[in-house]
Amino acid sequence: MSSSRRQYPFHLIEPKWQKVWDEQQAFRAFNPNEEIPANHPFAQRHKISGKVSAPQLPPKFYILDMFPYPSGAGLHVGHPEGYTATDILARYKRAQGFNVLHPMGWDAFGLPAEQYAVKTGQHPRKTTEENIATFKRQIQSLGFSYDWSRELATTDPDYFQWTQWIFLKLYNSWFNPKTNKAEPISKLEYPKELELSNWAKSQTADELLDDPKKLDSETLKLWNKRREYRDSKRLAYVSEQPVWWCEQLGTVLANEEVVDGKSEVGGFPVVRKPMRQWMLRITAYAEKLLTDLDTIDWTDSLKEMQRNWIGRSEGAEVDFQIVQRAAGVPPTDQTKKKSAAETDGSTFITVFTTRPDTLFGATYMVLAPEHKLVDQITTTEQSEAVAKYKTEISKKSDLERTELAKEKSGVFTGAFAINPVNGEKIPIWIADYVLASYGTGAIMAVPAHDERDWEFAKKFELKIRAVVMPPVDWLRKNAPENWAHLEPDSFTVEFTKIPKVFKAAFTSEGHAINSRNAEVSLDGLSVAEAKKKITAWLEEKNLGKKTINYKLRDWLFSRQRYWGEPFPIVWKKDAAGHLFHEALPESALPVLPPTLEDYKPTATGEPPLTRAKDWVNLPNGSVRETNTMPQWAGSCWYYLRYLDAKNSAAFVGSEVENYWMSGGVKSLNGEIVKSEAGSTIQRFNDSTSTPGVDLYVGGTEHAVLHLLYARFWHKVLFDLGYVSTPEPFFKLVNQGIILGEDGQKMSKSRGNVVNPDDVLGEYGSDAFRLYEMFMGPLEMVKPWSTKGVEGVYRFLGRVWRLFVDEKSETEFEQAETTTKAQSHQELLDLIKLNPSIQNVAATPAQLKTLHACIKKVTEDLDGLRFNTAISAMMVFINEAMTWQTKPLAMMKSFLQLLAPFAPHIAEELWARLHSTFGQTATSLAYAPWPKFDPALLVESEMEIPVQVNGKLRDVIKVSVNATQADLETAAKNSEKVKPFIEGKTIKKIIVVPKKMVNIITG
RNA sequence: GCCGGUGUGGCGAAAUGGCAGACGCACAGGACUUAAAAUCCUGGGACUAUAAAAAGUCGUGUGGGUUCGAGUCCCACCACCGGCACCA
């Protein structure tokens, strides 16, 4: 990099002020009833000190960054983009008088540290601590106003004991559909057949288990059944099911961590493998997670991503009776109803459809190859083909199964089902285009109105019947030849004339045709009407019911890793040898992981923790759970721990939680409103603070992972009464990624990675911060430009020279290169204030320039438009450069505007202004934000554009008080306008007061 | 395929329906300097015309529309970016 002349001594200024802020603890945020030192700038600004309760504190403002994973590579230029935005806002809100909470911490569990441990044997904790130290140094060198007293790392036992504590809450809760919220498992109601005898009720579980002789086998059986029932209801439960297993990573992964059939981390192949895993019942919250999106201020695209991920579909479940069964199984009585069918297990297949209106067009059925009824219904003749197909499918990766433009495949089972609306006997197939994991794993196929069913039916020559009326122009294109000539009238009324097979699937909406039986007719109804009618009929006949399905699956929560939170769970055996799990008591927290010599994952999927035999086997004979929690666990609630980071008695104190998340006492005065979706949200009477985190900034990569998981945990904690808001993050903004200088994504292989340390060394942190914000709108993707950094750096140089005496700066520079003995402060003291700054009154023009700038910067900060706020300050400086005399008060105001963006240079110049004029400087960080005076912005004259027929011809100067008539006259008299209106009739003159004049000629 | 977003000078970008291109970069010319760097001043959308100026025409992805007036609103497309994708 070029070693051009330094614009200003940022290398002395920046460390100086960072040290001052640190010594003052200037950015400590104070909790209710926390001791506020009288000499703290916050105390002085708000004239409070000592222990102050929530109502006496200023209003809260919680500004949060997505905390980083401290990788070995150190900070990249993308991190400070969001951090700078939040820091500017934090400083701005502090100046406005808010009690600002702006914390930072470390999402420190994770694979890289563990992989490094596998390679070198170095404990992941050591690697993690080193990386955190690097990250912290880099972040601190940027002068962010974090309250470091609240720093946390997810790997600290003091932290993760509460992560484990929250897991216990999940474990010990269930979702009560009657109250629509999570409740303690102790309140679970058991079905009648599982009720205990009075004697058994009087015993504790341990008593029963300790002395199996006390138990007759019936009681033991019942006890086990009750446990099974209870365990099946928990929000954290164990399930043996096919999960994503990644051989290379040696662990299972959540759906959200699998992208295109590969692991999101590392891009390794994943395969489906049935394993016993911990799951979290996020699906119970699908509806709340969806509807509550309406109550929070996120971007549409982000909300849409979450909506898509949750994937709500309304439709119906329909029961199809099986009429031909595998050899050796007697045919069932076709008149049997569902309830009877349930007990014999296999006479009905239930499908899910979003188009029950097309039920009359269902000409075959398809089951997923993994569907549990497949083997039972397959006929002897077809059993070989079915078995072969199933084997083929199981070998395929999911990527191969979902490959685009793949031809449909499938096999007939030999069995048939009865279409309940028309009694038709339809074949049952299995095919991999039906997914076992969605809906019921079975579909009714309506080839006339579904692309996939159409393709399948064409390939295997299955019956196709149209039951929805397409529009005429669609018919002209897609009806068979002998129908193509028909005129529109032929199609409108007589349904019998409609061709039953078209040349393609018609999937849009239309009126129903060919859809009636003796009891019900859908013919002529719209899709919506037909759905309603047929669903009602199905429900009446006990053949089906209205249903809602979600794409969202329960969250696979265990990993076969070392470097994660151990589960606070042990496994025990009862007297009959049944294995069951049990929660450790809260007093056993934190459950620390053992130290291992070998951190390697095992090929079998046995977690590495199983190697620590002494740790795993407890003296009482029980065995520890050896899986660990995923990295997302720690990030699900860190924003709550910041509120009360040192609390050893609770994950967060309730008074503290209420102040920061609900505005403390303000929430009591606030309005409780129902959202459209019916959930309760809190709004405050004053519009200044909002429920939850007021502003959360981070990358879009967390749109469906972290942000969905954290909302889920928060809602559980809300239901259980531990937090006071239903949503954690009120406003959320995604910063756009920063590309390399070549417009490509930054990567080592491209060699276009910009190292923040280099930029800081060359231009200083104020310039770096300013540039990150000046590049463009926060949310946009934008390429890095080193020349652009130089541009804002030059701007800071101009600011500096506006305030300091150039001669004295030359002396300073000479002193710096020659006399090494002087301290930094002594060197800085050589620089004197620019004599053109004087304690005089400002001219009206100067005031106007300043107040225009205050207005623009204030409004832009409120709208997070940092780039244009910086432009406004540049305009001010360009103008101020031309002034002979610069009024002191004005220059102070400008520094206050600059301070959130470039805090070091602003503090330095602020201190100089005060000392030079014999004033005492209080910290700029707490100086009240300047207010603009609209009266000063009013002009006496203004320039008005004059158009003729919409084309600009002149700009005239008129008095602001000019009437419409004045404007008309002035416009017509303009020398430049005259040639365009001479000899023409003026049809109309449009005058927009204070805006423009438009003359329309004939 | 579906959903969301974005298209404006050489580049990053700015514009409550009312002077398109603020601000910055790059570039060009000038001042200062032995010279360079740094700094300061000036210029600039394209095209036509001109010695120069004045002036004119066109111009915000494309094509329509609404309006006295459209980058901005409406309709139909195109391109790029992001997400989802055999979810019945």
Counting side-chain heavy atoms from C-beta on, which of [options] comes nearest to [X]?
{"X": "Val875(A)", "options": "C23(B), C19(B), C86(B)", "value": "C23(B)"}
{"X": "Met874(A)", "options": "C23(B), C19(B), C84(B)", "value": "C23(B)"}
{"X": "Met305(A)", "options": "G82(B), A88(B), G4(B)", "value": "G82(B)"}

Quick one: is [N] close enough that its OP1 or OP2 comes under 4.0 Å of any side-chain N or O from [X]?
{"X": "Gln7(A)", "N": "U39(B)", "result": "yes"}
{"X": "Arg798(A)", "N": "G24(B)", "result": "yes"}
{"X": "Lys994(A)", "N": "U16(B)", "result": "no"}
{"X": "Tyr438(A)", "N": "A88(B)", "result": "yes"}
{"X": "Arg953(A)", "N": "C19(B)", "result": "no"}
{"X": "Arg794(A)", "N": "C40(B)", "result": "no"}
{"X": "Arg865(A)", "N": "A22(B)", "result": "no"}

Please give the distance between the [atom1] atoms of [N] and [M] as a whole number of Å.
{"N": "G18(B)", "M": "G30(B)", "atom1": "P", "value": "41 Å"}
{"N": "A38(B)", "M": "G45(B)", "atom1": "C1'", "value": "31 Å"}
{"N": "G59(B)", "M": "A20(B)", "atom1": "P", "value": "13 Å"}
{"N": "U34(B)", "M": "A52(B)", "atom1": "P", "value": "36 Å"}
{"N": "C78(B)", "M": "U57(B)", "atom1": "P", "value": "35 Å"}
{"N": "A14(B)", "M": "C73(B)", "atom1": "P", "value": "16 Å"}
{"N": "G21(B)", "M": "G71(B)", "atom1": "C1'", "value": "11 Å"}
{"N": "G56(B)", "M": "G61(B)", "atom1": "C1'", "value": "27 Å"}

- [ ] Let me know the distance between CD1 of Ile1000(A) and C1' of G69(B), rounded to the nearest Å.
- [x] 8 Å
Task: Length of the line joining Phe866(A):CZ and A22(B):P, which is rounded to integer Å - done: 23 Å
Once you measure the plane-to-plane angle for [X] and [Y], does it fall in the parallel (<30°), tilted (30-60°) or perpendicular (>60°) bin?
{"X": "Tyr8(A)", "Y": "Tyr793(A)", "value": "tilted"}
{"X": "Trp883(A)", "Y": "Phe876(A)", "value": "perpendicular"}
{"X": "Phe460(A)", "Y": "Phe456(A)", "value": "tilted"}

Task: Distance flag, aromatic centroids of Phe348(A) and Phe320(A), threshold under 6.0 Å - done: no
- [ ] Assert yes or no for the condition that the ring centre distance of Phe768(A) to Tyr763(A) is strictly below 6.0 Å.
- [x] no
Open item on the list: When you compare the side chain of Leu864(A) with that of Val733(A), does any pair of heavy atoms fall below 4.5 Å?
Closed with: yes
Open item on the list: Any non-hydrogen side-chain atom of Val948(A) less than 4.5 Å from a side-chain atom of Thr1001(A)?
Closed with: yes
Considering every strand and a 4.0 Å limit on heavy-atom distances, what is the contact class for [X]: base, sugar-phosphate, or nothing?
{"X": "Met881(A)", "result": "sugar-phosphate"}
{"X": "Gly439(A)", "result": "nothing"}
{"X": "Asn878(A)", "result": "sugar-phosphate"}
{"X": "Arg307(A)", "result": "nothing"}
{"X": "Val992(A)", "result": "base"}
{"X": "Ser785(A)", "result": "nothing"}
{"X": "Phe876(A)", "result": "nothing"}
{"X": "Lys551(A)", "result": "base"}

Open item on the list: If you assign Lys951(A) and Glu304(A) each to the RNA chain B nucleotide with the nearest heavy atom, which residue ends up on the more 5' nucleotide?
Closed with: Glu304(A)
Open item on the list: Quick check: on RNA chain B, is the nucleotide nearest Ser871(A) upstream (toward 5') of the one nearest Ser313(A), or the reverse? Name the residue that is more 5'.
Closed with: Ser871(A)
Could you tell me whether the side chains of [X] and [Y] share a donor-acceptor contact shorter than 3.5 Å?
{"X": "Lys546(A)", "Y": "Thr535(A)", "result": "no"}
{"X": "Asp860(A)", "Y": "Thr868(A)", "result": "yes"}
{"X": "Gln7(A)", "Y": "Arg798(A)", "result": "no"}

Open item on the list: Regarding C68(B), can its base be found pairing with the side chain of Asn998(A) as donor and acceptor, where the two atoms are less than 3.5 Å apart?
Closed with: yes
- [ ] May I ask you to say whether Asp294(A) pairs ionically with Arg307(A), meaning some side-chain N is under 4.0 Å from a carboxylate O?
- [x] yes
TODO: For G7(B), measure the glycosidic angle (O4'-C1'-N9-C4 for a purine, O4'-C1'-N1-C2 for a pyrimidine) and name it syn if it falls within 90° of 0, otherwise anti.
DONE: anti
Dump every N/O contact between nucleotides 9-14 of chain B and the protein below 3.5 Å, one line per pair.
{"unit_1": "G12(B)", "atom_1": "O2'", "unit_2": "Met775(A)", "atom_2": "O", "d": "2.6"}
{"unit_1": "A14(B)", "atom_1": "OP1", "unit_2": "Asn867(A)", "atom_2": "ND2", "d": "2.8"}

Task: Duplex segments of RNA chain B, taken as runs of at least three Watson-Crick or G-U pairs that stay under 3.5 Å - done: B:1-7 with B:78-84, B:10-12 with B:23-25, B:27-31 with B:39-43, B:45-48 with B:55-58, B:61-65 with B:73-77
Task: side chain to side chain donor-acceptor pair (under 3.5 Å) partners of Thr547(A), counting only residues at least two apart - done: none
